[in-house]
Colleague: 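Below is the structure I would like to discuss, written out as structure tokens.
Lettering of chains follows the sequences in order, A, B, ..., and the numbering in each one begins at 1. Both backbone and side-chain heavy atoms feed into the values below; hydrogens, waters and symmetry mates do not.
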There are 2 protein chains.
Amino acid sequence: MRNPNAFAAACPSREVLARLGAKWASLIINKLNEGPVRFTDLLEQVEGISKKMLTQTLRDLERDGFVTRHLDASRMPVQVDYALTGLGRSAVPIVMTAKEWAEANFESVLEARQRYDSRKN
Amino acid sequence: MRNPNAFAAACPSREVLARLGAKWASLIINKLNEGPVRFTDLLEQVEGISKKMLTQTLRDLERDGFVTRHLDASRMPVQVDYALTGLGRSAVPIVMTAKEWAEANFESVLEARQRYDSRKN
DNA sequence: CTGAATCCCGGCGGATACTG
DNA sequence: CAGTATCCGCCGGGATTCAG
């Protein structure tokens with residue numbers, strides 16, 4: 001495609017944008033940026049995520065080439081860890097910046113929200 | 001808050017992350033970065049969005065301090081345009097980078113997806 | 001032109017239980 | 001440990017209609 005443009009309804013880049021914007025995806029990518037992480041570790045370090053959503057989000061990220069899954073069957077019990085691919089690493093600046101921006105500016109957002117809510121009603 | 005951390009379940013930064021990740025938010029912010037835009041123009045330039053979701057997303061963004069709404073009642077029919085606030089502009093690098101990354105890498109994503117799908121049966 | 005109000009459906013996502 | 005399998009509530013989001 002010559003001119004990929006997310007403003008266009010049919011452009012596949014929108015799906016990619018949706019992937020990155022998915023509820024847990026950016027947090028998982030941020031965490032995997034620290035290095036390979038095991039399933040259970042992700043489960044407890046990305047607080048509040050359920051097994052189901054962790055599995056599902058990891059599958060989506062694996063399918064879209066952001067993440068690789070490595071199973072070590074020599075271990076008992078089985079051990080699995082996930083790591084970023086080159087593509088996944090190239091997306092890190094985006095999700096990391098987003099996370100940091102959110103952490104740095106959430107107070108401003110909450111204040112704006114209060115002003116808005118007290119002004120209306 | 002001393003140590004805002006989006007990995008923590010209770011951290012409000014997660015709401016902010018959700019705002020930016022919402023289906024239409026990043027596209028709208030990207031478009032508003034070109035300057036103030038009228039409702040109808042947004043409606044046709046952010047292809048595929050419905051009136052309902054445009055209104056709703058703009059309200060959310062306004063409430064959270066990303067966007068200002070300006071009504072010009074001297075016009076007939078009424079004319080409304082939306083613009084970014086300082087906070088909104090500070091978020092532009094994130095959503096712009098995300099959009100550009102998606103446009104630049106969606107082919108890699110689609111290829112990975114095909115490999116994944118053909119490998120599994 | 002810029003919405004608000006309804007109706008409605010698919011699916012995201014949580015809770016829980018079961019498995020190799 | 002690392003998932004799968006169900007069940008199900010909620011709400012994101014589209015279509016449509018009405019209004020100032």
Colleague: I need the CG-C1' distance between B:L58 and C:dA4, as an integer number of Å.
Modeller: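 Nearest whole value for this atom pair: 14 Å.
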
Colleague: Within 45° of the ring axis of A:Y82 and under 6.0 Å from its six-membered ring centre, is that where the NZ or CZ of A:K31 lies?
Modeller: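 Relative to the ring axis of A:Y82, which defines the angle, A:K31 lies outside at least one limit.
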
Colleague: If you check the B:S50 side chain, which of C:dC1, D:dC1, D:dG14 turns out closest?
Modeller: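 Between C:dC1, D:dC1, D:dG14, the one nearest the side chain of B:S50 would be D:dG14.
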
Colleague: B:E62 has an atom CD; how far is it from atom C1' of C:dA4, in whole Å?
Modeller: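 Taking atom C1' of C:dA4 as the reference, CD of B:E62 is at 15 Å.
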
Colleague: Find the distance between CG (B:L87) and CZ (B:R89) and round it off to the nearest 0.5 Å.
Modeller: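 Spacing of CG (B:L87) from CZ (B:R89) equals 10.0 Å.
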
Colleague: Please confirm whether the shortest side-chain N or O distance from B:K23 to OP1 or OP2 of D:dC11 is below 4.0 Å.
Modeller: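 Looking at the OP1 and OP2 atoms of D:dC11, neither is under 4.0 Å from any side-chain N or O of B:K23.
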
Colleague: For A:L71 and C:dG20, what is the distance between atoms CG and C1' respectively, to the nearest whole Å?
Modeller: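 About 12 Å, once rounded to whole Å.
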
Colleague: Can you identify which nucleotide, out of C:dC1, D:dG3, D:dG14, has its nearest atom closest to the B:M53 side chain?
Modeller: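 Side chain of B:M53 sits closest to D:dG14.
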
Colleague: Rounded to the nearest 0.5 Å, what separation is found between the CZ atom of B:F106 and the CZ atom of A:R14?
Modeller: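 Reported value, rounded in 0.5 Å steps: 13.0 Å.
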
Colleague: Restricting to nitrogen or oxygen on both sides, can you table the protein-nucleotides 4-10 of chain D pairs closer than 3.5 Å?
Modeller:
none

Colleague: Taking for each residue the nucleotide of DNA chain D with the nearest heavy atom, is it B:P77 or B:Q56 whose nucleotide lies nearer the 5' end?
Modeller: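 By nearest-heavy-atom nucleotide position, the 5'-most residue is B:Q56.
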
Colleague: B:R69 side chain: which of C:dC1, D:dG14, C:dG3 is closest?
Modeller: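 Comparing C:dC1, D:dG14, C:dG3 against the side chain of B:R69, the answer is C:dG3.
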
Colleague: Let me know the distance between CG of A:L42 and C1' of D:dG3, rounded to the nearest Å.
Modeller: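 Taking CG of A:L42 and C1' of D:dG3, I get 13 Å after rounding.
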
Colleague: Would you say the side-chain atoms of B:W101 and A:S13 include a donor-acceptor pair closer than 3.5 Å?
Modeller: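 Distance-only check fails for B:W101 and A:S13.
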
Colleague: Which whole-number value in Å describes the distance from B:L43 CG to C:dG3 P?
Modeller: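 That distance rounds to 11 Å.
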
Colleague: Can you tell me which nucleotide in D:dG14, D:dA2, C:dG14 comes closest to the side chain of B:W24?
Modeller: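 Ranking D:dG14, D:dA2, C:dG14 by closest atom to the B:W24 side chain puts D:dG14 first.
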
Colleague: What is the distance from CG of A:D81 to C1' of D:dC1, rounded to the nearest Å?
Modeller: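 A:D81 atom CG is separated from D:dC1 atom C1' by 12 Å.
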
Colleague: What residues, two or more places apart in sequence or in another chain, satisfy ring pair (Phe, Tyr, Trp, His ring centres under 6.0 Å) together with B:W24?
Modeller: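 Per chain and number, B:W24 pairs via ring pair (Phe, Tyr, Trp, His ring centres under 6.0 Å) with no residue.
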
Colleague: What is the distance, to the nearest angstrom, from the CD1 atom on B:I49 to the C1' atom on D:dG13?
Modeller: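 To the nearest whole Å, that distance equals 10 Å.
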
Colleague: Any idea which of D:dG14, D:dA2, C:dG13 is nearest the A:T40 side chain?
Modeller: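 Of the candidates, D:dA2 comes closest.
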
Colleague: Whole angstroms only, please: what is the CG-P distance between B:L54 and D:dT16?
Modeller: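 That distance rounds to 18 Å.
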
Colleague: Could you give the distance from CE (B:M96) to CD (B:E100), rounded to the nearest 0.5 Å?
Modeller: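 Nearest 0.5 Å value for the CE-CD distance: 5.5 Å.
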
Colleague: Report yes if at least one side-chain N or O of B:R38 is closer than 4.0 Å to OP1 or OP2 of C:dC1; otherwise report no.
Modeller: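 False: B:R38 side-chain N/O out of range (4.0 Å or more) of C:dC1 OP1/OP2.
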
Colleague: Would you be so kind as to tabulate the donor-acceptor pairs closer than 3.5 Å made by side chains of residues 49-57 of chain B, with sequence neighbours excluded?
Modeller:
{"unit_1": "B:S50", "atom_1": "OG", "unit_2": "B:M53", "atom_2": "N", "d": "3.2"}
{"unit_1": "B:T55", "atom_1": "OG1", "unit_2": "B:K51", "atom_2": "O", "d": "3.0"}
{"unit_1": "B:T57", "atom_1": "OG1", "unit_2": "B:M53", "atom_2": "O", "d": "2.7"}

